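Read the structure below first, then the notes.
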Amino acid sequence: MTFKNTALLSLTLCALMLQGCTALGIATGAGAVVGVSAARDGGIAQSAKDFWISTQISEAWFQYNVKTFAKLDLTVKKGRVLVTGIVQDPAHRVEAIRLAWQPQGVEQVINEIRVAESAGVKSFLSDKWITTQIRTKITLDKEVQSINYTIDTVQGTVYLMGVAHSQAETNRIIEIARTISNVQQVVSYIRLIEEIEKAQWGTETPTVAPPATMTSTSAAPASTGAPQSLTAAPMPPVEIYPLN
């Protein structure tokens, strides 16, 4: 078996075991897990599509350079790709996002990559502990369908992505994240299921782009080869909840 095939097999096993793996730890933090897709919003077909997008991006990063993107995490939900983590060179940040636009079916790429030196093992473990605590609390919360959400933490900033059935559910998840020790701020990319359904039927009102004070979202530049219809689509609102 080639190393390439081994990588893809490892990705599949990680997904089936519901493990959040780093994109170039020969795995991915993608929310699309085939084994439980029937319980997710979007069904088996969408989950399989998201997982395939994730594997394609991970493989593209791997082929570019294993070490360059080793500290990046990848989440895919209904064709929306969230990339978080750290690179040391601004050019690598651009390249990571360019490659993320390549797979067919990608509708949006949200760029939350930071250009900075690694904060070290202590920071890495702290981020993982924050993510674990949030995941545990929303899993135990009967008012939250935790399987519909993914969580990424980078240097104390928590990124939430998923589909909520109500604004109350969204607020509850955000509040849970805010109460965890060492969390610096919470960034929400959670969407309401009714908004997605309206968009699918072509009845959604265009969303006003977030102010400059909010965290950035990245649409692919023309040079990336992303379809024009995708780059022109209205972006969902981004909500940031800094702690006082």
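Quantities reported herein were computed from a predicted structural model and do not represent experimental measurements. Sequence positions, counted from 1, serve as the residue numbers for this chain.
The shortest side-chain heavy-atom distance between R80 and Y189 falls under the 4.5 Å cut-off. In this structure the side chain of I138 reaches within 4.5 angstrom of the side chain of I151, judged on heavy atoms. Two residues are said to be in side-chain contact when any heavy atoms from C-beta on lie closer than 4.5 Å; N111 and R93 meet this criterion. Annotation: side chain of V115 is not in contact with side chain of D89 (no heavy-atom distance under 4.5 Å). Within the 4.5 Å cutoff, the side chain of S146 has no heavy atoms near those of the D141 side chain. The shortest side-chain heavy-atom distance between V163 and I190 does not fall under the 4.5 Å cut-off. In this structure the side chain of V187 never reaches within 4.5 angstrom of the side chain of L160, judged on heavy atoms. In this structure the side chain of V144 never reaches within 4.5 angstrom of the side chain of K137, judged on heavy atoms.
Remark: S126 engages no residue in a side chain to side chain donor-acceptor pair (under 3.5 Å) (not counting sequence neighbours). Applying the side chain to side chain donor-acceptor pair (under 3.5 Å) test to E95 and every residue at least two apart in sequence or in another chain returns R98.
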- Message: With side-chain contact (heavy atoms from CB on, under 4.5 Å) as the criterion, how do E112 and V154 come out once you've worked through the C-alpha distance, each side chain's angles and the decisive distance to 0.1 Å?
- Response: CA-CA 9 Å; E112 289 291 353; V154 180; over 6 Å; no

- Could you go through the side chain to side chain donor-acceptor pair (under 3.5 Å) check for Y149 and E169 one step at a time? CA-CA 11 Å; Y149 301 95; E169 184 177 349; 2.7 Å; yes

- Message: Before you tell me yes or no, could you show the steps for V81 and V83 under side-chain contact (heavy atoms from CB on, under 4.5 Å), namely the whole-Å CA-CA distance, both residues' side-chain angles and the distance that decides it to 0.1 Å?
- Response: CA-CA 6 Å; V81 179; V83 186; 3.9 Å; yes

- I176 and R178: side-chain contact (heavy atoms from CB on, under 4.5 Å), yes or no, with the steps? CA-CA 5 Å; I176 288 174; R178 283 168 53 88; over 6 Å; no

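The structure places NZ of K67 at 8.0 Å from CG of N65, a figure rounded to the nearest 0.5 Å. Atom CD1 of residue I180 and atom OG1 of residue T136 lie 9.0 Å apart, to the nearest 0.5 angstrom. Here the CG atom belonging to L99 is positioned 11.0 Å from the OG atom belonging to S58, to the nearest 0.5 angstrom. In this structure, the separation between CZ on R135 and CG on L140 is 11.5 Å, given to the nearest 0.5 Å. Between the CD1 atom of I113 and the CG atom of L82 there is a distance of 9.5 Å, given to the nearest 0.5 Å. To the nearest 0.5 Å, the span separating CD1 on I86 from CZ on F69 amounts to 14.5 Å.
Linking ILVMFWY side-chain heavy atoms closer than 4.5 Å, directly or via other members, places V87 and V94 in two distinct hydrophobic clusters.
Across every non-hydrogen atom of G105 and K49, the tightest pair is CA-CE, 3.9 Å. Residues V76 and S54 come closest through the heavy atom pair CG2-CB, 3.9 Å. Residue S181 comes nearest to I130 through the heavy atom pair O-CG1, 3.8 Å, listed as atom of the first residue, atom of the second, then distance. The heavy-atom pair separating G162 from K77 by the smallest distance is CA-CE, 4.2 Å. Among all heavy-atom pairs drawn from A100 and W61, the shortest one is N-NE1, 4.5 Å. Taking all atoms of both residues into account, the shortest heavy-atom contact from A164 to T170 is CB-OG1, 3.2 Å.
For the 3.5 Å distance criterion, the side chains of R114 and T84 fail to qualify, holding no donor opposite an acceptor. Judged purely by distance below 3.5 Å, without hydrogens or angles, the side chains of Y159 and Q185 never pair a donor atom with an acceptor atom. Side-chain contact check for Q167 and N171: at least one donor-acceptor pair (N or O, by modelled atom type) lies under 3.5 Å. Side-chain atoms of D152 and T131 form no donor-acceptor pair, as typed in the model, at a separation below 3.5 Å.
Taking the six-membered ring where the residue is Trp, H92 and Y64 present perpendicular rings, their angle passing 60° and hence far from 30°.
Remark: R172 does not engage E175 in a salt bridge, criterion side-chain N to carboxylate O under 4.0 Å.
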